Amino acid sequence: GAGVSQTPSNKVTEKGKYVELRCDPISGHTALYWYRQSLGQGPEFLIYFQGTGAADDSGLPNDRFFAVRPEGSVSTLKIQRTERGDSAVYLCASSYRRSTEAFFGQGTRLTVV
Amino acid sequence: AQKVTQAQTEISVVEKEDVTLDCVYETRDTTYYLFWYKQPPSGELVFLIRRNSFDEQNEISGRYSWNFQKSTSSFNFTITASQVVDSAVYFCALSESSIDQTGANNLFFGTGTRLTVIP
């Protein structure tokens, strides 16, 4: 596609449930990032992939959060045992290389009730 | 540690006025990158500019201009002759150089400035 695509655009889940958020990067982009944006805040870095491997996962808040990118393209962010504090917009970005500009998707708004 | 401060939470201007959005940063690195992104109501972050720490030359792109001053650790953004379509949240971000010097690391964002342009 022309841009970074994220699905679903909105997700409402109950506390304690498991959720998966999907990101389709721009074709040919090897670098992929996940960010989390809480209301009224700037995005916060979660994890960075170079190809299939997670090169930097220092932003993941705890072990309930996990992300994969098995074929070096689509990535899935997985959250186990969701908590109300996980409610936020989850943004995905991709770039051609790590040192080039990152292009963001429109995000997935996650609401945990 | 890195930090980005956007002291202006919200700004309102009347259409055609000029407006400057402030950004002050902190970093211990000598090599770093500064960015501005626009986030319209649709939610998608739109890249506006990237500037590396060795290039202090100001830049102009149409109605947009950026003033980078290392002496004051500031990277301010000015919109000339503002338009209603400029209404959005604007984020300043910092990226420190990677250990292997291959390029920009992950972005650290400020809290954003919400700009409203009144027709």
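Because the structure is a prediction, the values reported are computed rather than measured. Numbers restart at 1 for each chain; the letters A, B, ... are given by sequence-line order, proteins then strands.
- Of the atoms belonging to A/Ala102, heavy atoms from both backbone and side chain fall under 4.5 Å from chain B.
- Only the side chain of B/Gln39 has a heavy atom closer than 4.5 Å to any heavy atom of chain A.
- A single hydrophobic cluster is not seen to contain both A/Val19 and A/Val89; linkage of ILVMFWY side chains at heavy-atom distances under 4.5 Å, directly or through other members, places them apart.
- In this structure, the side chains of B/Phe91 and A/Gln37 come closer than 4.5 Å at one or more pairs of heavy atoms.
- When all heavy atoms are compared, the tightest approach of A/Pro43 to B/Leu45 is CG-CD1, 3.7 Å.
- Side-chain contact check for A/Phe103 versus B/Val46: every heavy-atom pair is 4.5 Å or farther apart.
- Residues B/Phe109 and A/Phe45 have side chains not in contact (no heavy-atom distance under 4.5 Å, counting atoms from C-beta outward).
- Residues B/Phe47 and A/Phe104 fail the side-chain proximity criterion, which asks for heavy atoms closer than 4.5 Å.
- Looking at B/Phe108, there are no atoms closer than 4.5 Å to chain A (heavy atoms on both sides), in backbone or side chain.
- Scanning for side-chain contact (heavy atoms from CB on, under 4.5 Å) contacts around B/Ser87 gives B/Val117, with sequence neighbours left out.
- Other residues, nucleotides and ligands contribute over 12 non-hydrogen atoms within 6.0 Å of the NZ atom of B/Lys70.
- Summarising the local packing, CZ of A/Arg109 is surrounded by 12 or fewer heavy atoms from other residues, nucleotides or ligands at distances under 6.0 Å.
- Formation of a donor-acceptor pair under 3.5 Å by the A/Tyr33 side chain with backbone atoms of B/Leu107 is not found in this model.
- Going from atom CD1 of B/Ile49 over to atom CD of A/Glu101 covers 10.0 Å, rounded to the nearest 0.5 Å.
- Sorted by first then second residue, the side-chain hydrogen bond (donor to acceptor under 3.5 Å, both in side chains) pairs that include residues 67-77 of chain A, not counting sequence neighbours, are A/Trp34-A/Ser75.
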